[in-house]
Amino acid sequence: MKLTTLSTLGLSALLFAAPLYAGTLEEVKAKGVLSISLYKEFPPYSSVIDGKQQGVDVAIAEALAQKLGVKSEIRLVSADENVEDDLRNNVWKGHYLGGGVTDMMLHMPYDNAFSDKVDKVKFVAPYQMEQVTFAFDTSKVGKQPTLANFTSAPIGVEIDTLSDFYLLEALQGQISKNIRHFPNLTQAADALKKGEIAGIMGPRGELEGVLSARPDNIQIQGLITPGLGRGSWAMGVAVKADNADLASAVDGGMAELVKDGSVKKIFEQYKLTYNPAAEPPVATAQK
């Protein structure tokens, strides 16, 4: 997950947003609204385009609320220093500047070790397997490059990400001198299309989203990444830990959306490759 600081705009949004609170399942159904936090400016998952909230996670959140028989209320939030801070600000405690919390937050890592570390929330409903991959310019590195190509060709990454940390150490540091850092993958994609860099390393879904319109010489493909301990991870939903009934309902609702193909269809609408989470989402309700 990317590491960024709160922008002035993000702070303002927190200060002036109507306070929200995390309700029980009964309260959610009584008020008829499921409040959900999603990352802002995070294409293709959640962003505002032409004045409208759009993206894969926006569509999944709306479908999930509909599954529970209520309306969705989506709050787009800035990323804080790390995911633990994001969960504190948006799910279980609230930001110290105010604004309250929401009933849940999507696009959260579904991982047993991380779950043990953050016991204030319950992680349920894994709906996607994200995977590190590469986008590259075939006119610069060919159609079947290896990591070694980037010992002599520039490669872009979003700063302070898994891809960034990996490339700094990969092949005994031989790639590090060719890394170009960008604040986000949208700007890295622009540099790739302009020919300023030869490749990008990042999550497949984000790369496919920011490069949905690309010339024929730009290809998205996985490469062998020696020494990378973990190249894929499941994404799910975080709910306040003591809200077991809501967590169970969300888990069941998401399981139905995965099984009936609704989640896959949403990914296809945004022209993204869909990889379901390895673990059936229904199993998480028993944890």
Side-chain angles (χ1 to χ4, degrees), residues 1-2 4 6-7 9-42 45-48 52-110 114-115 118-128 235-254 257 266 281 284-285:
M1 187 60 60
K2 59 187 176 183
T4 59
L6 280 172
S7 65
L9 182 60
L11 288 170
S12 299
L14 281 171
L15 283 169
F16 296 106
L20 298 173
Y21 69 97
T24 63
L25 177 61
E26 183 179 0
E27 290 170 333
V28 166
K29 292 199 171 185
K31 67 181 178 180
V33 174
L34 179 70
S35 59
I36 304 155
S37 291
L38 301 177
Y39 287 111
K40 66 190 302 185
E41 299 174 359
F42 187 43
Y45 293 106
S46 46
S47 57
V48 175
K52 182 181 177 182
Q53 295 176 342
Q54 298 187 39
V56 168
D57 285 344
V58 171
I60 291 176
E62 291 172 344
L64 188 57
Q66 189 174 14
K67 207 69 175 174
L68 299 184
V70 297
K71 296 180 179 179
S72 61
E73 182 176 286
I74 296 171
R75 181 170 76 173
L76 298 182
V77 300
S78 298
D80 207 323
E81 293 294 329
N82 53 51
V83 178
E84 291 97 317
D85 291 344
D86 297 334
L87 290 167
R88 180 199 62 215
N89 293 341
N90 300 295
V91 178
W92 64 269
K93 185 177 182 179
H95 196 278
Y96 70 93
L97 289 173
V101 296
T102 56
D103 298 315
M104 64 190 62
M105 187 168 188
L106 268 66
H107 220 90
M108 290 292 104
Y110 183 83
F114 187 67
S115 179
V118 186
D119 60 0
K120 297 292 186 182
V121 301
K122 189 175 182 64
F123 296 92
V124 297
Y127 57 90
Q128 176 204 3
M235 307 305 300
V237 181
V239 182
K240 195 173 181 181
D242 60 4
N243 207 342
D245 286 347
L246 181 60
S248 180
V250 168
D251 209 38
M254 187 70 84
L257 292 171
I266 290 170
T284 64

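Side chains are part of it too, since the values below use all heavy atoms of this structure and drop only hydrogens, waters and symmetry mates. No experiment lies behind these values; they were computed from the predicted model shown.
In this structure, CD in E73 is found 9.5 Å from CG in L34, a value given to the nearest 0.5 Å. Atoms OG and NZ, from S47 and K40 in turn, are 11.5 Å apart once rounded to the nearest 0.5 Å. Atom NE2 of residue H107 and atom CE of residue M235 lie 4.0 Å apart, to the nearest 0.5 angstrom. Atom NZ of residue K122 and atom CE of residue M104 lie 13.5 Å apart, to the nearest 0.5 angstrom. Taking OG of S37 as the start and CG of L87 as the end, the distance is 9.5 Å to the nearest 0.5 Å.
Other residues, nucleotides and ligands place no more than 12 heavy atoms under 6.0 Å from the NZ atom of K29. Within a 6.0 Å sphere centred on CD of Q54, heavy atoms belonging to other residues, nucleotides or ligands number more than 12.
The closest side-chain heavy-atom distance from Y45 to Q128 is below 4.5 Å. Residues V101 and K240 are not in side-chain contact: their nearest non-hydrogen atoms beyond the backbone lie 4.5 Å or more apart. Put simply, the side chain of L76 does not reach to within 4.5 Å of the side chain of F42, judged on heavy atoms. Two residues are said to be in side-chain contact when any heavy atoms from C-beta on lie closer than 4.5 Å; M108 and V83 meet this criterion. Here the side chains of D80 and D86 are in contact, with some heavy-atom distance below 4.5 Å. Two residues are said to be in side-chain contact when any heavy atoms from C-beta on lie closer than 4.5 Å; V77 and M105 meet this criterion.
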query: Going through the distances and angles, do T102 and I36 end up as a side-chain contact (heavy atoms from CB on, under 4.5 Å)?
result: CA-CA 6 Å; T102 56; I36 304 155; 5.7 Å; no
message: Using the rule given for side-chain contact (heavy atoms from CB on, under 4.5 Å), can you reason through V58 versus I74, listing the C-alpha separation, both sets of side-chain angles and the distance that settles it, and then say yes or no?
response: CA-CA 8 Å; V58 171; I74 296 171; 3.8 Å; yes
task: Just do the side-chain contact (heavy atoms from CB on, under 4.5 Å) check on Y127 and L257 with the steps written out, would you?
output: CA-CA 9 Å; Y127 57 90; L257 292 171; over 6 Å; no
field: Working for side-chain contact (heavy atoms from CB on, under 4.5 Å), residues V33 and V70
entry: CA-CA 5 Å; V33 174; V70 297; 5.7 Å; no
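Between K31 and D103, at least one side-chain N (NZ, or NE/NH1/NH2) sits under 4.0 Å from a carboxylate O, which counts as a salt bridge.
Between G100 and R75, the shortest heavy-atom contact is O-NH2, 3.1 Å. Closest approach of S72 and A61 over heavy atoms only: CB-O, 4.2 Å. Listed here is the closest heavy atom pair of D251 and P126: OD1-CD, 4.4 Å. Scanning both residues, M254 and L64, for their nearest heavy atoms gives N-CD1, 3.7 Å. Scanning both residues, T24 and N243, for their nearest heavy atoms gives CA-OD1, 3.4 Å. The two residues Y110 and F123 come nearest to each other via the heavy atoms CE1-O, 3.5 Å.
In this model, no donor atom of one side chain and acceptor atom of the other lie less than 3.5 Å apart for Y39 and N90.
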